[in-house]
S.K.: 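Okay, handing you the structure first.
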Protein chains: 2
Amino acid sequence: MEILIVKSGGFCFGVKRAVDKALEISQRYNNQKIYTIGHIIHNNDIVKKLKEKNIEPVDIKDINRIKDSVVILRSHGVEKHIIETLTENNNIIIDAICPFVKKIHNIVKKLVKEKYFIIIVGDNNHPEVKAIYSFTEPKSSLIISSPKSKELKEFLKMNKKKIGVVAQTTQDYKNFSSICNKLLKLKSEIRIFNTICDATSKRQKETLNVAKKVDIMIVIGGKHSANTTRLKELSLKHLDDVFHIENKNELQKEWFKNKKIAGITAGASTPQFVIDDVVQAIKMF
Amino acid sequence: MEILIVKSGGFCFGVKRAVDKALEISQRYNNQKIYTIGHIIHNNDIVKKLKEKNIEPVDIKDINRIKDSVVILRSHGVEKHIIETLTENNNIIIDAICPFVKKIHNIVKKLVKEKYFIIIVGDNNHPEVKAIYSFTEPKSSLIISSPKSKELKEFLKMNKKKIGVVAQTTQDYKNFSSICNKLLKLKSEIRIFNTICDATSKRQKETLNVAKKVDIMIVIGGKHSANTTRLKELSLKHLDDVFHIENKNELQKEWFKNKKIAGITAGASTPQFVIDDVVQAIKMF
């Protein structure tokens with residue numbers, strides 16, 4: 001079985017940085033209990049590994065329980081009110097937010113100050129988007145997921161004079177530019193920040209290229225990870241045999257029957273060792 | 001012969017305002033010699049009418065001759081260095097620049113102050129664009145006429161961090177949005193001001209609608225007027241018999257042979273009396 005691996009698959013810069021930071025902090029505090037707000041990344045294997053080091057995720061609803069502790073802010077950001085609660089409760093806050101996400105927070109804060117209406121192009125329920133949104137004024141901001149969304153249609157009638165636009169780092173460029181295009185028709189000032197992360201588009205492009213050349217595609221990443229799901233969707237444009245798994249244990253030998261070339265890609269939260277394990281397992285089939 | 005007239009054809013708000021202002025000033029100064037920088041609008045009939053009132057256009061190369069006089073700044077704006085020369089030469093300057101064009105000057109001045117690289121979407125040789133350009137820093141601004149232009153290709157490689165975009169008021173929206181789309185791909189801040197004038201798009205839309213329904217289309221306006229030429233191009237999408245004239249004297253009876261419905265549209269600089277004359281003449285055929 002020939003295997004083609006998407007080189008830009010797996011941990012992006014921000015995720016690698018956050019995990020490294022968590023491990024470094026754990027060591028600095030002699031493996032005492034350390035908390036992360038939600039899962040530090042969307043990957044169960046890494047979450048398990050971190051638990052072994054006494055680094056434990058806390059659900060947002062339980063945030064008030066965390067007092068006088070060390071808390072790590074995850075790579076995709078944390079909502080403003082959570083940071084405030086953590087601060088009030090005398091925690092030591094370690095900021096492991098991806099610098100590219102942090103840049104969006106700073107842009108949004110500046111736009112709020114300068115009285116722009118803010119459009120966040122992204123998925124309503126994604127923690128990165130929720131965190132960005134938390135730095136805006138709710139009456140002067142909107143999350144738009146698609147150029148066809150009702151929210152956008154309603155917004156276009158509102159005739160806002162100054163509009164600032166940012167994007168979730170993992171947004172699809174075409175979706176982003178279609179939404180910007182609709183806004184351009186307004187006789188308003190549209191201040192656009194293309195904050196889509198290169199890592200994502202690079203990974204998506206390379207995934208498409210590999211998908212063209214293979215008989216079967218394995219997409220590795222958390223089942224709830226938006227950027228991994230997107231890799232699956234893109235692969236399906238070129239072939240039907242696309243399987244989304246979290247790790248080698250989900251692989252099924254019969255998928256590979258009569259296949260000659262397998263492609264492997266992985267979402268931003270997939271650690272290298274998980275990818276390596278999958279490659280090894282396929283080689284054994 | 002049935003005649004369909006494009007209602008939004010002819011003088012736009014800014015042009016009507018400039019001509020009215022010129023006539024008002026002429027009266028205030030008891031018909032003494034008054035100058036306009038170049039032709040106040042692109043219409044020979046109006047220029048002739050103004051000459052009768054002692055309102056005379058001055059070529060830019062002769063600008064130094066004008067001293068201690070009353071000078072009217074035309075609707076589509078005047079280059080910065082010309083205003084400076086006029087001021088130095090002790091002239092009384094009457095500003096008849098269209099408020100929508102003036103707004104672009106103000107946007108551009110603000111963007112220069114805030115250190116944006118400025119893109120003017122428009123035609124290099126149009127006086128409105130030349131005037132806008134004169135308020136920018138030459139090393140930090142560019143006039144882009146088409147999404148396929150060499151200048152745009154070169155610019156995209158320059159990797160500027162803060163880019164401001166304005167449009168010539170008479171720009172075609174599709175051309176403007178195509179250029180903005182190319183810019184959006186950059187990882188930069190793109191601050192877009194859609195300064196295209198509604199009068200233009202309304203006139204273009206209505207012209208297309210009328211062109212669909214007629215056998216012959218008469219487009220009235222200065223032969224050098226970009227917005228009139230655009231009306232001709234749009235009409236040609238729906239029929240072949242499209243004639244661009246400046247006034248009724250250019251009409252030819254044989255054009256209307258075997259035609260049942262004639263459409264009439266007119267550029268932003270065409271006065272109402274010229275349109276009325278053409279309609280009357282066609283009715284007589």
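Chain naming here is simple, since letters A, B, ... match the order of the sequence lines and numbering starts at 1 in each.
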S.K.: Pick one of side chain, backbone, both or neither for B:Tyr116, based on which atoms fall under 4.5 Å of a heavy atom in chain A.
M.R.: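 Contact with chain A is through the side chain of B:Tyr116 alone.
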
S.K.: Is atom CD of B:Glu114 surrounded by more than 12 heavy atoms (other residues, nucleotides or ligands) closer than 6.0 Å?
M.R.: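 Count over threshold, so yes.
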
S.K.: Take atom NZ of A:Lys115 as the centre, draw a 6.0 Å sphere, and report whether it contains more than 12 heavy atoms from other residues, nucleotides or ligands.
M.R.: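 No, the 6.0 Å shell around NZ holds no more than 12 heavy atoms from other groups.
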
S.K.: What part of B:Leu183 lies closer than 4.5 angstrom to a heavy atom of chain A: side chain, backbone, both or neither?
M.R.: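 For B:Leu183, neither part sits under 4.5 Å from chain A.
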
S.K.: Can you confirm whether B:Lys109 is buried at NZ, in the sense that more than 12 heavy atoms of other residues, nucleotides or ligands lie under 6.0 Å from that atom?
M.R.: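 Atom NZ in B:Lys109 is crowded, with more than 12 foreign heavy atoms closer than 6.0 Å.
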
S.K.: What part of B:Phe193 lies closer than 4.5 angstrom to a heavy atom of chain A: side chain, backbone, both or neither?
M.R.: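 Contact with chain A: backbone and side chain both.
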
S.K.: Would the number of heavy atoms belonging to other residues, nucleotides or ligands and lying under 6.0 Å from NE2 of B:His224 be above 12?
M.R.: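 No.
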
S.K.: Quick one: which of B:Ile144, B:Ile192, B:Thr195 gives a side chain to side chain contact (heavy atoms under 4.5 Å, CB included) with B:Phe176?
M.R.: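 In the set B:Ile144, B:Ile192, B:Thr195, the residue that makes a side chain to side chain contact (heavy atoms under 4.5 Å, CB included) with B:Phe176 is B:Ile192.
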
S.K.: Checking heavy atoms, do the side chain of B:Ser201, its backbone, both or neither come under 4.5 Å from chain A?
M.R.: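 When you check distances to chain A, no heavy atom of B:Ser201 falls under 4.5 Å.
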
S.K.: Looking at B:Ile163, B:Ile107, B:Asp198, which has the largest count of heavy-atom pairs under 4.5 Å with chain A?
M.R.: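 Option with the greatest count: B:Asp198.
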
